[in-house]
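What you see is a predicted model, and the numbers here were worked out from it, not measured in a lab.
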Amino acid sequence: MGLIIFMLLLIIVLMVLASCVRIVPQAQALVVERLGAYMDTWSVGVHIMMPFIDRVAKRVILKEQVVDFAPQPVITKDNVTMRIDTVVFFQITDPKLFAYGVENPIMAIENLTATTLRNIIGDLELDQTLTSRETINTKMRASLDVATDPWGIKVNRVELKNIIPPAAIQDAMEKQMKAERERREAILRAEGEKKSTILVAEGKKESAILDAEADKQAAILHAEAEKEKRIREAEGEAEAILKVQKANADGLRFLKEAGADEAVLRLKSLEAFAAAADGKATKIIIPSEIQNMAGLVKSVVEVAKEEQGQ
């Protein structure tokens, strides 16, 4: 019987000793009280507490936490009621202040977020609210960070998750967006038609210019060919005349060198006249010296007959 009691007492003592040992994991902290008063904040590691005197008042998570709050109704400067839900990223920096600063920190942050959001949106109109998310996020983070600092909480980021305007405003916005898209489409179509017309006109212009250039080049080449032809013909005629004149000059020089008398020269003139008369000319101009030439011919004939008679 005594052994059983001893074993029970031993088990109770071991359980009490085990309850006095606290192991704090990473990214956590323990707020410890002694006789109901704050004693210490235990960080990562093994800690021993006094039995029945010390107790863990609060276990605090030091990692960054995210809280998604329900949509809150807000009114803009131009009296438009909308609903906005926010997401708050915060981190506990002082476990003691977090444990004793406020009764329900999450509810406190939610209510503070709602009031801060109403104050900021109340100074903005609808269009500014829809296009100034970054500005609203920055102002809310700054305000919440200052307000939650006595609670040992640091607000890292605040994001507007969704902005829900009234149904009538949404319908008007959709119609406005549709009209804007149709306007842009009409502008793009007009720009396309304009560019197409310009390109067609430029193509016709280029084609006309090329045709004119081709005609110009053809005319120039034709004129050059005609000019070359006439030059060649003129050069041929000039060369023929030059050769005839040269032949005549050579004949006269030959006669001169041969010592031909006046009778021979007259005979040559007669031959030239005969050649001219044998042509196809309808009119022949007889020189005034033709009688002398005829007498010369007669003399030549008489001399020939005498020579034959001998």
Side-chain angles (χ1 to χ4, degrees), residues 127 130-134 170-301 303-304:
D127 294 339
L130 297 176
T131 58
S132 304
R133 289 197 178 201
E134 189 64 30
Q170 289 186 11
D171 186 58
M173 291 172 60
E174 291 177 357
K175 290 181 179 178
Q176 182 180 1
M177 292 175 62
K178 182 179 179 181
E180 183 66 20
R181 287 194 297 268
E182 291 177 352
R183 184 183 69 85
R184 291 180 180 178
E185 181 182 0
I187 292 175
L188 291 176
R189 186 183 300 110
E191 289 290 338
E193 293 177 355
K194 176 183 176 181
K195 290 182 179 179
S196 176
T197 304
I198 292 174
L199 291 175
V200 171
E202 289 180 352
K204 291 181 178 179
K205 176 183 176 182
E206 292 291 335
S207 177
I209 292 174
L210 292 176
D211 291 341
E213 288 290 337
D215 294 341
K216 176 183 176 182
Q217 293 294 330
I220 292 173
L221 293 175
H222 181 71
E224 290 289 339
E226 186 68 22
K227 174 183 176 182
E228 188 69 21
K229 177 183 176 183
R230 292 182 179 181
I231 291 173
R232 295 294 178 85
E233 290 178 351
E235 290 179 349
E237 292 177 357
E239 186 176 357
I241 294 172
L242 182 60
K243 288 183 178 180
V244 170
Q245 294 297 330
K246 184 178 180 182
N248 291 333
D250 290 341
L252 293 174
R253 186 172 61 253
F254 177 75
L255 292 176
K256 183 177 180 181
E257 291 176 355
D261 54 8
E262 187 178 354
V264 175
L265 295 176
R266 289 181 178 275
L267 182 59
K268 285 292 184 180
S269 299
L270 184 59
E271 289 178 355
F273 176 73
D278 191 42
K280 297 180 179 180
T282 57
K283 294 181 179 180
I284 298 175
I285 300 174
I286 299 174
S288 59
E289 300 176 355
I290 190 63
Q291 295 178 355
N292 296 331
M293 289 174 25
L296 178 59
V297 172
K298 183 177 180 181
S299 300
V300 171
V301 171
V303 171

Listing, residues 183-209 side-chain donor-acceptor contacts under 3.5 Å, not counting sequence neighbours, or none:
from, atom 1, to, atom 2, distance (Å)
R183, NE, E180, OE1, 3.4
R183, NH2, E180, OE2, 2.5
R184, NE, E180, OE2, 3.3
E185, OE2, R189, NH2, 3.0
T197, OG1, E193, O, 2.9

Applying side chain to side chain contact (heavy atoms under 4.5 Å, CB included) to E239 and E235, what does each step give before you reach the verdict?
CA-CA 6 Å; E239 186 176 357; E235 290 179 349; 6.0 Å; no
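- Atom CD of Q176 is surrounded by 12 or fewer heavy atoms from other residues, nucleotides or ligands within 6.0 Å.
- Residues that satisfy the side chain to side chain donor-acceptor pair (under 3.5 Å) test with E233, not counting sequence neighbours, are absent from this structure.
- A distance of 9.0 Å separates NZ in K229 from NE2 in H222, rounded to the nearest 0.5 Å.
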